Amino acid sequence: MESLYNPKIIEPAIQARWQAEKTYQVTENPDQEKFYCLSMLPYPSGALHIGHVRNYAIGDVISRFHRLNGKNVLQPMGWDAFGLPAENAAIKNKVPPAKWTYDNIEQMRLQLLSLGFAIDWSREFATCQPDYYRWEQQMFVRLFEQGLVYNKSAVVNWDPIDETVLANEQVVDGRGWRSGALVERREIPQWFVKITDYADELLDELDNLPQWPDAVKIMQRNWIGRSTGVELGFQLQDKDDVIKVFTTRPDTLLGATYMAIAAEHPVARQAAQHNQELAAFIEQCKAAGSTTADIETAEKLGIATGLFAVHPLSGELVPVWVANFVLMGYGTGAVMCVPGHDQRDGEFARKYGLPIVQVIKPADPDKAVDVQQEPYTDYGILINSGNYDGMTSEQAFEAVADDCAGKGMGKRQTNYRLRDWGVSRQRYWGCPIPMIHCRACGPVPVPEDQLPVILPEDVEFMGVQSPIKADPEWRKTTCPKCGGAAERETDTFDTFMESSWYYARYCCPGADSMLDERADYWLPVDQYIGGIEHAILHLMYFRFFHKLMRDAGMVHSDEPATRLLCQGMVVAETFYREDQGGQKTWYSPTEVELEFGDKNRIISASLLSDGQPVEVGAVEKMSKSKNNGVNPQDMVDKFGADTVRLFTLFAAPPDQSLEWSDSGMEGAWRFLRRVWNGVYEHLQSGRPGVVEVDNLTSEQQEIRRLLHDTIAKVSDDIERRYTFNTAIAAIMEFLNHLQKFTDNSATGLGVAREAWLAVTRLLAPITPHLSEQLWQELGQQDDLQQAGWPVVDETARLRQQVTLVVQVNGKLRGRLELAPGASQEQALSLAQSDENVSRHLEGKVLRKVIHVPDKLLNLVVS
RNA sequence: GCCGGGGUGGCGGAACUGGUAGACGCGCUGGAUUCAAAAUCCAGUUCUGGUAACAGAGUGGGGGUUCGAUUCCCCCCCCCGGCACCA
């Protein structure tokens, strides 16, 4: 055995063996329990970042743990290859998006290989390959035929200078990021998939996901936002139009004093034809941002249309306003406003001097309410509501709903905040939407035998215009229905489409249909791992698509993933200098030297190159723009993959953000070297003898007790708790004890051998290269995989003594060592004879004794 | 603005079901080794007072429940993620 730990030699050798022996390639084996461990597939940006390393290190620990426990573990990898960055890179570097993407994949695959993940690479694919996306086109065509796909106009960000649609992130302070033009809201026809048809199931099924984080389930519940209420019609005065609204508070209906409609509402448009002021306001609304955050943070503005609607119950006339906080895409594009009992309606009414009427009073008569100042939004008792006076809100809800229904003015309805999934993108680098527009027949799906509609890859992509939109030849086709000249759809799919079913395709490489029977063996995913930023959108589409595939008979479970782990971001310190113009230049932490003052607080930072000071910024998510990223490849080259893996797992629990630390890396490196040296010295100490567990010294018993406590803790931390940081801490703690155990008798060496063999395997999911090497050095004939995960010897864990904490009035005053199972009387008399405890009891009366056996004794005195 | 998460020593974090706050690691201090340095090893390290034993304070701030609260409840502050075209 080499005396020095040298990962540069052992890691590539072991990786080469894994590759040659296809160690991690798996096939369906009905006789073996399967475990499908999936990490979210990366976007091939060109360089692996620490966030990827963290994600895949977590997945690898879980995969390897279950492999060691005898399961048939599938851990695949692929590439989320369509998307906006490839187009941006193409413009910048004058390289076709496809070439840029494939080159990046090559680089990133090498980086992943050097980290030693137990991945079945034979299943790899990129989502931009026609062999992949053709099945998603087929799915879309079938959904269209089932009526689950429809076309409607929806708002996009329009850049009037570049004449292109911008993504939300391409809009900076209301302007196009390249052109600087003020961005407009514009409506264009787009394709939608009816996810709302599955809203109830997506909501209710969350209760069947006990192993998903509560945070994710709560966010999804709120996102779907199911509410029950009443849809009401307000007849316009002297017109045929009826404005429909939805309300969850029909009990407040008599308090409705005005209505608000969206700028895009047909009634608003019509009214604007004879009202210049209104037309100008509608134009102004178009110029505002379109995201929910923009709308809800913007100042609430409105204007009267001059129209009045008839209140469905009172028959009174209420004014109709256009307001910037009502959106056409939501519900009916109109709301009834009850300023006495709704926060936003109240603010708006006070601002524009609209009448406020109280119709609910608190059930508690002592509670003072002045709705002119502050709306009362809770349920209560009805007042000023005619026949409904005196009813509770709950009773009035039913009565009002019934009465409106009776008059034909409304109906009970379930409403969702969730909107249908708009899948159209006006971009080139995406999966072509397989539709044909025929003048005679309207939209017609591409027949299945003509799929896939292939995206041309060898294109010049110099500007903002999509090459398939710019090329009249690509568009030209014939209508499958009438045979006449027709045009292809030139929009492409939202990339969430590809990432919604890749997990299933991994199960069936090369299948000549979307999926085949192999999917039944592997699905559902047993463990899914990815960033918390995907808690709503991706994970909702992923669950939705699984249900679509289930209803198409392709999969036979209701949910795609049984257990979910969301990891936090990777953050690092930032440093910058600001010039006179306020422009910040960001410096990499590697270029900066820190000076520490009193209590090791950072007092100043300076640039290594010129010695001049730099400002210390916030600790932020690693990014190119803040120049605070760390290249994992540099770290692997310097310390080896095992050290990088160990540090990223040790520095924080997986669901919290991870702060990068160079010295922390060195600590991880030091630990692995201590493990190596420990095995080396153990092997030098002589031949281990047989361990007879009934015939051990107390020291030998103690080290075995600590070992088996450690095995139990590490197993639980990895399998149930996912706290890899505490698992590693427990191994470190045990190593500290093991190094002090210097019993070189034959039995002592036997106990030490048992410990080293266990430590090697406990570390195997985390530092697989080191563990495999040490396993061999320890003279094992079988490979580590066959030996499996260490087994806990419960009898070794039995304690002779436990520590009982003694408190007086809740304050720690002493500790007692006693045999487990001691009674309260025994504990109390021992405690009273303790010097420090009795000092605090002196002159006091014992009022109460609280005894938690083998843990704590609290003496309450006065 | 709305939804979700977080805040504990100089730093990353631990305390799993209401029961010893600070495990483990980093950093720092002192010592051993060395011609010297690196590396390694040993000891110490929440704060205040005390040689020490020990005492007091302490988990973002304020209040509450409890024999006992980092943990449960109420109010507030700050940071992070998401908000439907970044992935």
Side-chain angles (χ1 to χ4, degrees), chain A residues 40 42-43 45 80 83-85 156-157 165-171 213-216 218-219 221-223 225 290-298 325 329 344 418-422 424-427 494-496 499 531-538 540 566 568-569 571 596-602 618-621 647 650-653 655-668 670-671 673-674 677 716-717 720-721 723 725-726 728-733 736 739 803-807 809-812 815 835-836 839 847-850 852 855-861:
Chain A
M40 288 182 186
Y43 179 80
S45 59
D80 187 18
L84 210 47
V156 293
N157 302 309
V165 175
L166 299 178
N168 285 337
E169 75 157 7
Q170 295 173 316
V171 180
D214 286 335
V216 172
I218 294 167
M219 282 190 269
R221 261 184 214 114
N222 293 335
W223 186 259
S290 59
T291 70
T292 316
D294 284 338
I295 288 152
E296 293 191 2
T297 50
F325 56 83
R344 189 179 62 188
L418 179 71
R419 312 198 299 253
D420 277 333
W421 180 10
S424 295
R425 297 292 180 269
Q426 297 69 39
R427 304 194 210 299
D494 177 7
T495 56
F496 276 127
S499 55
I532 184 68
E533 65 272 23
H534 297 293
I536 297 177
L537 292 180
H538 163 67
M540 188 76 74
C566 290
M569 322 172 290
V571 297
F596 297 93
D598 194 30
K599 291 179 181 168
N600 291 310
R601 287 191 178 92
I602 295 174
V619 175
E620 291 193 65
K621 181 174 173 172
F647 173 72
F650 178 64
D655 54 346
Q656 282 181 31
S657 59
L658 183 152
E659 191 172 331
W660 187 257
S661 152
D662 285 336
S663 50
M665 275 289 295
E666 278 164 30
R670 250 193 312 263
F671 170 70
R673 202 164 42 189
R674 279 176 58 207
N677 292 343
D716 188 51
D717 282 353
R720 180 181 63 89
R721 296 181 70 212
T723 50
N725 55 328
T726 55
I728 293 164
I731 299 171
M732 288 175 166
E733 201 172 355
N736 291 339
Q739 288 193 318
T803 304
L804 189 83
V805 167
V806 184
Q807 299 179 336
N809 283 346
K811 294 208 176 205
L812 177 68
R815 289 186 175 84
E835 198 192 332
N836 200 44
R839 203 149 51 88
R847 298 280 179 202
K848 197 173 174 183
V849 177
I850 286 144
V852 183
K855 273 203 155 167
L856 172 137
L857 189 72
N858 188 11
L859 308 176
V860 184
V861 299

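Lettering follows sequence order; numbering is per chain, from 1. Computed from a predicted model, the values in this text were never measured in an experiment.
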Over how many whole Å does the gap from I295(A) atom CD1 to rC83(B) atom P extend?
-> 14 Å
With a 3.5 Å cut-off and just heavy-atom distances, do the side chain of R815(A) and the base of rU20(B) make a donor-acceptor pair?
-> yes
State which of rC41(B), rA87(B), rC86(B) makes the closest approach to the side chain of R674(A).
-> rC41(B)
Is any N or O donor-acceptor pair between the side chain of R847(A) and the base of rC67(B) shorter than 3.5 Å?
-> no
Between H534(A) (NE2) and rG4(B) (P), how many Å, whole number?
-> 21 Å
To the nearest Å, how far apart are N222(A) CG and rG82(B) P?
-> 17 Å
Return the value, rounded to whole Å, for the distance between atom CG of L859(A) and atom P of rC67(B).
-> 15 Å
Here the distance between atom P of rG27(B) and atom CD of E666(A), to the nearest Å, is 7 Å
Taking atom P in both rG61(B) and rC77(B), what distance in whole Å separates the two?
-> 15 Å
Rounded to whole angstroms, how far apart are CD1 on I728(A) and P on rG12(B)?
-> 18 Å
Comparing N858(A) with N157(A), nearest RNA chain B nucleotide closer to 5' gives the residue N858(A)
Could you state the CG-P distance from N725(A) to rG25(B), rounded to the nearest angstrom?
-> 13 Å
Nearest-nucleotide 5' precedence on RNA chain B, G664(A) against L856(A) = L856(A)
Could you measure between the two P atoms, the one in rA87(B) and the one in rG4(B), and give it in whole Å?
-> 27 Å
Quickly work out the L418(A) CG to rA84(B) C1' distance and round it to whole Å.
-> 9 Å
Determine the sole option in N858(A), V861(A), L859(A) for which the side chain to side chain contact (heavy atoms under 4.5 Å, CB included) test with N809(A) is passed.
-> V861(A)
Go through RNA chain B and write down every stem, that is, every run of at least three consecutive Watson-Crick or G-U wobble pairs with distances under 3.5 Å, as range with range.
-> B:1-7 with B:77-83, B:10-12 with B:24-26, B:27-32 with B:40-45, B:46-49 with B:54-57, B:60-64 with B:72-76
CE on M40(A) to CD on E533(A), rounded to 0.5 Å = 7.5 Å
